[in-house]
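Notes for the one structure printed next.
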Number of protein chains: 2
Amino acid sequence: MNHLDATFAALADPTRRAILARLIEGEASVMELAEPFAMSQPSISKHLKVLENAGLISRGRDAQRRPCRLEARPLGEANDWLERYRKVWEGNFQRLDALLGAMQAKKASGDAEQ
Amino acid sequence: MNHLDATFAALADPTRRAILARLIEGEASVMELAEPFAMSQPSISKHLKVLENAGLISRGRDAQRRPCRLEARPLGEANDWLERYRKVWEGNFQRLDALLGAMQAKKASGDAEQ
DNA sequence: AAGGTATATACCCGATTGGCTATATAATGG
DNA sequence: CCATTATATAGCCAATCGGGTATATACCTT
């Protein structure tokens, strides 16, 4: 599984996004993270493992607690990928590009159309 | 399914990200989009439906072709969500890492807290 | 109307996901 | 040691996913 795959897949779940949002404020134990959700502790642990495998959190040790801390670097990489689309969502010059792209595609494949 | 859920889930697949990347250059038909992949046409159509349901593409009509066009607004929303973490991945929000220099600190894996 | 081309749909399949309960492990405090 | 607390693991289940093939549909051309 690609790095970006894992990052975006991890972000596709609202529980996991909420956990990350909580971790902006600082480290938290599993119990603390589980508290807002109507969900069993093992389910939260599973979500945490997904986040950890995606490199979005790391875990420490504090007595029997395993505090989670945010690791935002993969979010930066996801952001880098998204950046390439910024021009598109900020301005609406899809139409122009569409025209250019279609003309080039025609040249490349040499098909019969129009 | 939440809007962000659908967006991130759509982005979690490398085929779909490659399709979006292709669409930056402009509209493309299903056949054109399928060409780079060792994958059947129905599978590509499935991916396109995922992208369409996430609002990431829209489709037109050109004879028997159904050209796909990039719709980047959901990417902007995903970006908005990620923005809240920018300070964190740009460094220093993590107490000691700020002092040590975030770049090298990534090497050592086992440091827990403070 | 027939045939070709582009795309969609239906269905099958194995793998993964996201939830659960029950139980195991880890570390602490008495 | 023992009990308690915090967390992880195992196994179950239904749903979804991502691929496939076969077939249907839509539109154009002749």
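So that the names make sense, note that chain A is the first sequence line, chain B the second, and so on, each numbered from 1.
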* Let me know which of Ile19(A), Leu56(A), Leu20(A), Leu48(A) forms a side-chain contact (heavy atoms from CB on, under 4.5 Å) with Cys68(A). => Leu48(A)
* Asked: If you take all heavy atoms of Trp89(B) and Leu82(B), which pair is closest and at what distance?
  -> CZ3-O, 3.4 Å
* Asked: For Arg16(A) and Ala9(A), which heavy atoms make the closest approach, and how far apart are they?
  -> NH2-O, 3.1 Å
* Selection: residues 40-52 of chain B, any non-hydrogen atom under 4.0 Å of DNA chain D -> Ser40(B), Pro42(B), Ser43(B), Lys46(B), His47(B)
For a quick test of reading the model: is some side-chain N or O of [X] closer than 4.0 Å to OP1 or OP2 of [N]?
X: Arg61(A); N: dA27(C); value: yes
X: Arg65(B); N: dC28(D); value: no
X: Arg66(A); N: dA26(C); value: no

Please report, rounded to the nearest Å, how far the [atom2] atom of [N] is from the [atom1] atom of [X].
X: Arg17(A); N: dG18(C); atom1: CZ; atom2: P; result: 12 Å
X: Glu32(A); N: dT5(D); atom1: CD; atom2: C1'; result: 14 Å
X: Leu33(A); N: dA8(D); atom1: CG; atom2: P; result: 11 Å
X: Asp62(B); N: dT29(D); atom1: CG; atom2: P; result: 10 Å
X: Glu27(A); N: dT7(D); atom1: CD; atom2: C1'; result: 16 Å
X: Phe8(A); N: dG18(D); atom1: CZ; atom2: P; result: 15 Å
X: Asp13(B); N: dA15(C); atom1: CG; atom2: P; result: 18 Å
X: Ile57(B); N: dA8(C); atom1: CD1; atom2: C1'; result: 13 Å

* To do: Give the nucleotide from the list dA6(C), dA8(C), dT28(C) with an atom nearest to the side chain of Arg59(B).
  => dA8(C)
* Under 3.5 Å, is there a donor-acceptor pair between the side chain of Tyr85(B) and the main chain of Ala21(A)? -> yes
* To do: Check whether any side-chain heavy atom of Thr7(B) sits under 4.5 Å from a side-chain heavy atom of Phe8(A), and report yes or no.
  => no
* Asked: Would a 4.5 Å heavy-atom cut-off, applied to side chains only, mark Val30(A) and Glu35(A) as touching?
  -> no
* Asked: Does a side-chain N-to-carboxylate-O contact under 4.0 Å join Glu83(B) and Arg86(B)?
  -> yes
* Name the residue closer to the 5' end of DNA chain C, choosing between Ala63(A) and Ala9(A) according to the nucleotide with the nearest heavy atom. => Ala9(A)
* **Closest-nucleotide ordering on DNA chain C, the 5'-leading residue of Met39(A) and Met1(A)** => Met1(A)
* Answer with yes or no whether Gln64(A) presents, from its side chain, a donor or acceptor under 3.5 Å of a partner atom in the base of dA6(D). => no
